[in-house]
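Reminder, nothing fancy here: chain letters follow the sequence lines and each chain counts from 1.
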Amino acid sequence: MFTIATYNTNSIRARLHIIKKYIEDIHPDCLCLQETKVVDEQFPKEFFLEQKYNVIFKGQKAYNGVAIASPHKIEDVIFGFEDGEDREEDLTRLIRCKIKGISIINSYVPQGRDIEHEQYQIKLNWFKRLKRLFEQKYKKELPIIWCGDMNVAPTELDVYEPEKKLDHVCFHEAVRRAFLDVVSWGFIDIFRKFHPEPEQFSFFDYRIRGAVKRKLGWRIDHILVTKNLADKAIDAKIDLKYRLLQKPSDHTFVRALFDL
DNA sequence: ATGGTCGACTCTCGA
């Protein structure tokens, strides 16, 4: 059995009690975290060691930050794309490694702010760079997991009132096309394989009152896997329970299980 | 219902 989970923490230091409970309950073989919002000197490394987890991370002050934690050996650690275009920020948004022979790519894709904003072009370019990364440095026949906060609802099933989100940076046609182009390299949306039904959301904006109850959410946290892993997948879940345990945060854990 | 809050950090930003 191999379990991978992804969670946008929106400050790892504010969510340690949630992560502790999740590790105790689920004991994921790989936990991919985004928006840790902490510089490396202040990263709660000791917390993970207490849970008997190894951890790799890179962050910056106030924004971004990614980490991968695992009870197993974490090998071949790389930050960023290493494509010659890496800005400082990219190193705190993309973290890659290998665990038990599986290549793991954990990404916190730039949100984009507004379709007119230059940040949106950076976001679209990010997906181009990811596509190139997979084409040049990975082999789709091998076991690979690309997961994280993609800041994209890929289809109209993945957001409430999609007809009103056409100009939203997480649903705009260009961003969906850019994301699906990376997926087309050789990935399967393993969550969707197990849950074709609507209203499966991983993110609820806490500014909207009663968003969970009213099902006003988005599915923007994804786990994509190559065929060889998809064939061994047993189940996938959105662990909403852990969101209800915390002070309003926005994202929750998404998890996939494999018979390995 | 087109809302409003949280976290980090400065006196506001990003989501």
Side-chain angles (χ1 to χ4, degrees), chain A residues 6-20 22 32-45 47 57-67 87-95 106-127 147-154 156 158-172 174-176 178-179 199 201-222 238 240 242-254:
Chain A
T6 178
Y7 175 44
N8 177 319
T9 63
N10 186 17
S11 172
I12 191 169
R13 288 176 292 179
R15 314 287 177 220
L16 286 181
H17 60 296
I18 310 287
I19 295 169
K20 186 169 194 292
Y22 196 77
C32 292
L33 304 169
Q34 306 88 34
E35 269 204 278
T36 54
K37 289 191 175 182
V38 63
V39 292
D40 294 347
E41 295 71 35
Q42 293 174 44
F43 187 92
K45 202 163 49 176
F47 165 84
F57 51 87
K58 194 174 287 290
Q60 62 180 81
K61 195 168 154 184
Y63 309 114
N64 310 326
V66 282
R87 304 160 301 159
E88 182 65 28
E89 188 183 322
D90 294 329
L91 308 180
T92 67
R93 286 181 173 274
L94 183 66
I95 182 170
N106 174 21
S107 58
Y108 173 43
V109 176
Q111 195 264 5
R113 299 193 198 184
D114 185 284
I115 57 170
E116 302 298 330
H117 199 282
E118 66 168 345
Q119 283 294 323
Y120 185 57
Q121 293 307 316
I122 289 174
K123 180 180 193 176
L124 296 178
N125 190 45
W126 237 72
F127 286 116
C147 70
D149 179 354
M150 309 296 179
N151 270 314
V152 177
E156 55 189 21
D158 299 313
V159 61
Y160 73 101
E161 299 175 349
E163 67 284 359
K164 296 174 184 172
K165 305 296 189 304
L166 295 171
D167 288 333
H168 192 289
V169 286
C170 297
F171 192 64
H172 187 246
V175 81
R176 283 191 280 155
F179 171 72
E199 297 175 337
F201 301 134
S202 66
F203 166 91
F204 297 90
D205 190 332
Y206 48 64
R207 292 169 294 187
I208 301 175
R209 261 174 228 297
V212 178
K213 205 171 185 177
R214 293 156 64 203
K215 302 183 195 302
L216 302 182
W218 297 71
R219 192 174 71 95
I220 54 176
D221 300 279
H222 301 291
I238 292 176
L240 267 188
Y242 295 88
R243 187 184 188 283
L244 300 174
L245 289 176
Q246 66 201 35
K247 264 170 72 181
S249 173
D250 33 22
H251 298 258
T252 193
F253 296 86
V254 182

Enquirer: In whole angstrom, give the distance that lies between atom CD1 of I122(A) and atom C1' of dG14(B).
Expert: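 About 14 Å, once rounded to whole Å.
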Enquirer: According to ring-ring contact (aromatic ring centres under 6.0 Å, His included), who are the partners of F43(A), at least two apart in sequence or on a separate chain?
Expert: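 F43(A): ring-ring contact (aromatic ring centres under 6.0 Å, His included) contacts with F48(A), F57(A).
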Enquirer: So, for P44(A) and R13(A), which heavy atoms are closest and what is the spacing to 0.1 Å?
Expert: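 What the structure gives for the nearest pair is CD-CG, 4.5 Å.
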Enquirer: Listed by chain and number, what are the ring-ring contact (aromatic ring centres under 6.0 Å, His included) partners of Y120(A), not counting sequence neighbours?
Expert: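 Counting only residues at least two positions away or on another chain, Y120(A) forms a ring-ring contact (aromatic ring centres under 6.0 Å, His included) with H172(A).
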Enquirer: P atom, dT10(B) versus dG14(B): distance in rounded Å?
Expert: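 Approximately 14 Å lies between the P atom of dT10(B) and that of dG14(B).
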Enquirer: Protein within reach of the bases, or only the backbone? For nucleotides 2-9 of chain B, mark each nucleotide 5' to 3' as B, S or -, using heavy atoms under 4.0 Å.
Expert: BBBBBBSS
Enquirer: Considering only the P atoms, how many Å lie between dA15(B) and dT2(B), rounded to the nearest integer?
Expert: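 Those two atoms are separated by 24 Å.
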Enquirer: Taking the P atom in each of dT5(B) and dC9(B), what is the distance between them to the nearest angstrom?
Expert: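 To the nearest whole Å, 22 Å.
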Enquirer: Tell me which donor-acceptor pairs under 3.5 Å the side chains of residues 208-220 of chain A have, and how far apart each pair is, sequence neighbours excluded?
Expert:
from, atom 1, to, atom 2, distance (Å)
R214(A), NH1, R209(A), O, 2.2
R219(A), NE, D158(A), OD1, 2.8
R219(A), NH1, D189(A), OD1, 3.3
R219(A), NH1, D189(A), OD2, 3.4
R219(A), NH1, H222(A), ND1, 3.4
R219(A), NH2, D158(A), OD1, 3.3
R219(A), NH2, D189(A), OD2, 2.8

Enquirer: With rounding to whole Å, what would you report as the distance between dC11(B) and dG7(B) at their C1' atoms?
Expert: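 Each nucleotide's C1' atom is 15 Å from the other's.
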Enquirer: Residues two or more places apart in sequence or in another chain: which of them pass ring-ring contact (aromatic ring centres under 6.0 Å, His included) with Y22(A)?
Expert: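 Listed in chain order: Y242(A), F253(A).
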Enquirer: Any salt bridge (charged side-chain N to carboxylate O under 4.0 Å, His left out) involving residues 108-124 of chain A? Give me the pairs, sequence neighbours left out, ordered by first then second residue.
Expert: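 Sorted result for residues 108-124 of chain A: empty, none.
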